[in-house]
Amino acid sequence: MNKLEPEEQRRLLEEIAPDLLEAKKAEEEKKLPPLPGAEKGKVVTRLPPEPSGYMHIGHAMSGFLNYLYARMYDGKVWLRFEDTDPRKVKLEYYESFRRGYRWLGIEWDYEKNNSDDMELFYKYAEQLIKSGKAYVCTCSAEKMRRLRAAGEECEHRKRGVDENLHLWNEMLAGAFGEGEATLRLVGDMKSKNTTMRDPVLFRIINHPHPLTGSKYRVWPLYDFAVSIEDYLCGVTHVLRTSEFALRDELQNYIRSLLGMRNPIYIEYSRFEFKGTPVSKRKLRAVIESGLASSWDDPRFPTIEGIRRRGIVPEAIKEFTITQTGFSYAKREYDWSLLFAVNRKILDPRARRLFFVPNPVKLVVEDAPKVSVEAPYHPDRSELGSRRIEAGNSFYVPREDFEKAAEGRLIRLKYLMNVRILEKREGLVKAEFAGREVVKNVKIVQWVPADDFVDVEVLVPGPLYLDGEVNPESLRKVMGVGEPAVKTVKPGEVVQFERFGFCRRDSEKGYVFIKAHD
RNA sequence: GCUCCGGUAGUAUAGUCCGGUCAAGUAUGCGGGCCUCUCGAGCCCGUGACCCGGGUUCAAAUCCCGGCCGGAGCACCA
């Protein structure tokens, strides 16, 4: 009864929307649209990761939605691991999700694992059996699949309660091997919604679970576990991706049989970025092709990948709030949308430094030997400055000087103007042309030729182009950096002037990853 | 194949429920200008969309029908 059709969800959303829009303009703060059926202080949402793989940006955005709505209504958030497939679940992933949520600034009030509640699941299963709503089925998987597709019942559905109870206890006692018996819901074999056709509630898995070891062999399936857990946790709003939409009916039905209240569902299509699939299969293909070596590759949509790339949590949060809608339509975000948000956040805090990609040597024989005090930020003096000692030879961007004609005037930022005299392979000669700023002269960054560090910048691009793995998805730019590059701490994001925002990725040596321009 | 669900500018969204105020708003992108000792940020101007075809109506992005295109599901995964 709490189940709302998408139209209904939108209608409710719309009803309160005008207030929101006005409020948004008034305080210039970005807010999510109102949550249907939400009451201050009574909202409970959940973060439901399956600890079977790496956390990615889709988890992050979904996580923000659940977290921000709970916060917006002074509600509570559960972190609940959906870990009822012992074969898929791995210990390392539990912590990786906690770490990911923490990094994002997503806080949760309570935490549990579905696998904590096995005894409870068994209790509810027994209740269903006793009320004639569940039966033990000993069909083979293939037969069951065939019958479900055809909408036909199997002979096991007619078993009596006592027999089912007996068989169920046999299952729990270990009398059946894997695949030999399941507990099924008495659903509706004729339902158009195939999930309602007597779905399996429990199956046998002979594989140790990372948390409970070999204590349990009879494991609940997703729909059963989640139905019960959402009720147990008091979840009022389920915000999840649309691949679960068909399960609303089933989960509500299971709860109705147990006398449990249902949450409100809000579903939306997956969040994906162009050229960057989140699918484990596709990412693994990239690793297997040798293009990437690990799951934290900066081209990957994994949390570790985007973190290394220099995307900050606030950007993902703001992006989720402003660019997201509860739409079922397929969408593929353009990275530039996220970059724009990230840039606005980074711009006031990132120090400006000189990095010269693909350097060429510039010699200015008559240059005065001077040093300059260069601010780390054009309009935020609190970020400080550094002194650069300049001689008469420099490294400058090859591109700028190769394109420039002889006789052309170019300014070395903060330092002086030079006039190009001659260009030879790997060397440009120029003459000193004054220190004052001249209008309409190209300004470039520079690095003293006798005091610099070698810098390498990784520039990530789309992993897939036109559905094919992109072999040139990671460009490596070699260059030199001014001495102050040594002061950039690992993890810090700076702006290399005229190059882009880059995060220092290495502990030793100067390897950076470019986030964006 | 079957069952659902969608299709608003390059991209992402607002608007669709209760048809007119939408000659369609916002962000980003793109073009131009201003500012700036960065090709960054900021400010200003501009560009650009209701999938197609019918129907209902005085009036349709909004309602109805058909088509096309796209997504999801059809597990003893979640």
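- For the strand RNA chain B, secondary-structure stems (runs of at least three Watson-Crick or G-U pairs, all distances below 3.5 Å) span B:1-7 with B:68-74, B:10-13 with B:25-28, B:29-34 with B:42-47, B:51-55 with B:63-67.
- A/Trp168 has its side chain within reach of A/Val218: a pair of non-hydrogen atoms, C-beta onward, lies under 4.5 Å apart.
- Across B/C4, B/A12, B/U36, the shortest atom-to-atom separation from the side chain of A/Glu332 is found for B/A12.
- Taking atom P on both B/U28 and B/G40, the two are 14 Å apart, rounded to the nearest angstrom.
- You'll find the ring centres of A/Tyr69 and A/His237 outside the 6.0 Å limit.
- Side-chain polar atoms of A/Asn66 and A/Arg46 form no donor-acceptor pair below 3.5 angstrom.
- Only one option out of A/Arg503, A/Arg351, A/Arg349 pairs with A/Glu492 in a salt bridge (charged side-chain N to carboxylate O under 4.0 Å, His left out); it is A/Arg351.
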**Message:** Can you build the contact string for nucleotides 71-78 of chain B? Use B for base contact, S for sugar-phosphate-only contact, and - for no protein heavy atom under 4.0 Å.
**Reply:** SSSSSBBB
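- Only the P atoms considered, B/U21 is 13 Å distant from B/U16, to the nearest whole Å.
- A/Asp83 and A/Ser115 are linked by a side-chain donor-acceptor pair at a separation below 3.5 angstrom, with hydrogens and angles left out of the test.
- Comparing B/U38, B/U3, B/U28 by their closest approach to the side chain of A/Arg352 singles out B/U38.
- Within 4.0 Å (heavy atoms only), A/Asp198 reaches no atom of the nucleic acid at all.
- Using a 4.0 Å heavy-atom cutoff across all strands shown, A/Arg331 reaches sugar-phosphate atoms only and no base atom.
- Atom pair A/Asp334:CG and B/U28:P shows a separation of 13 Å (rounding to whole Å applied).
- Here, B/G71 and B/U26 have their C1' atoms 25 Å apart, quoted to the whole Å.
- A distance of about 25 Å separates the C1' atoms of B/G66 and B/G73, rounded to the whole Å.
- Comparing the P positions of B/G7 and B/C64 gives a spacing of 13 Å, expressed to the nearest Å.
- Centroid-to-centroid, the aromatic rings of A/Trp335 and A/His516 stay 6.0 Å apart or farther.
- A/Arg380 has no side-chain polar atom (N or O) that falls below the 4.0 Å cut-off from OP1 or OP2 of B/G40.
- Distance, A/Trp335 CH2 to B/G10 C1': 18 Å, rounded to whole Å.
- A distance-only check finds no donor-acceptor pair linking the side chain of A/Arg203 to the backbone of A/Leu201 [under 3.5 Å].
- With both ends at atom P, the span from B/C69 to B/C30 equals 32 Å, rounded to whole Å.
- Straight-line distance between the P atoms of B/G20 and B/G15: roughly 14 Å, to the nearest whole Å.
- One interatomic measurement links the two molecules: NE2 of A/His377 to P of B/G42, which rounds to 11 Å at whole-angstrom precision.
- Between the CZ atom of A/Arg146 and the C1' atom of B/C2 there is a distance of 18 Å, given to the nearest Å.
- Nucleotides B/G54 and B/G46 have their P atoms positioned 35 Å apart, rounded to a whole Å.
- Atoms CZ (A/Arg343) and P (B/G42) sit 9 Å apart, rounded to a whole Å.
- Applying the 3.5 Å distance criterion, the base of B/U28 shares no donor-acceptor pair with the side chain of A/Gln323.
- A salt bridge links A/Glu482 with A/Arg386; the closest basic N to acidic carboxylate O contact falls under 4.0 Å.
- Residues A/Phe202 and A/Val136 form no side-chain contact, since every pair of their non-hydrogen atoms from C-beta on lies 4.5 Å or further apart.
- Looking at which nucleotide of RNA chain B each of A/Val341 and A/Pro378 is closest to, the 5′-most match is held by A/Val341.
- Comparing A/Tyr333 and A/Val444 along RNA chain B, the residue whose closest nucleotide (by nearest heavy atom) sits nearer the 5' end is A/Tyr333.
- As a whole-Å value, the separation of A/Leu415 CG from B/U38 C1' is 15 Å.
- The distance from atom CZ of A/Phe355 to atom C1' of B/G40 is 16 Å, rounded to the nearest whole Å.
- The environment of A/Arg87 atom CZ is dense: over 12 non-hydrogen atoms of other residues, nucleotides or ligands sit within 6.0 angstrom.
- With rounding to whole Å, A/Ile321 atom CD1 is found 15 Å from B/A14 atom P.
- In this structure, a donor-acceptor pair under 3.5 Å is present between the side chains of A/Ser62 and A/Tyr268.
- Checked against B/C37, B/U3, B/A27, the side chain of A/Lys192 finds its nearest nucleotide in B/U3.
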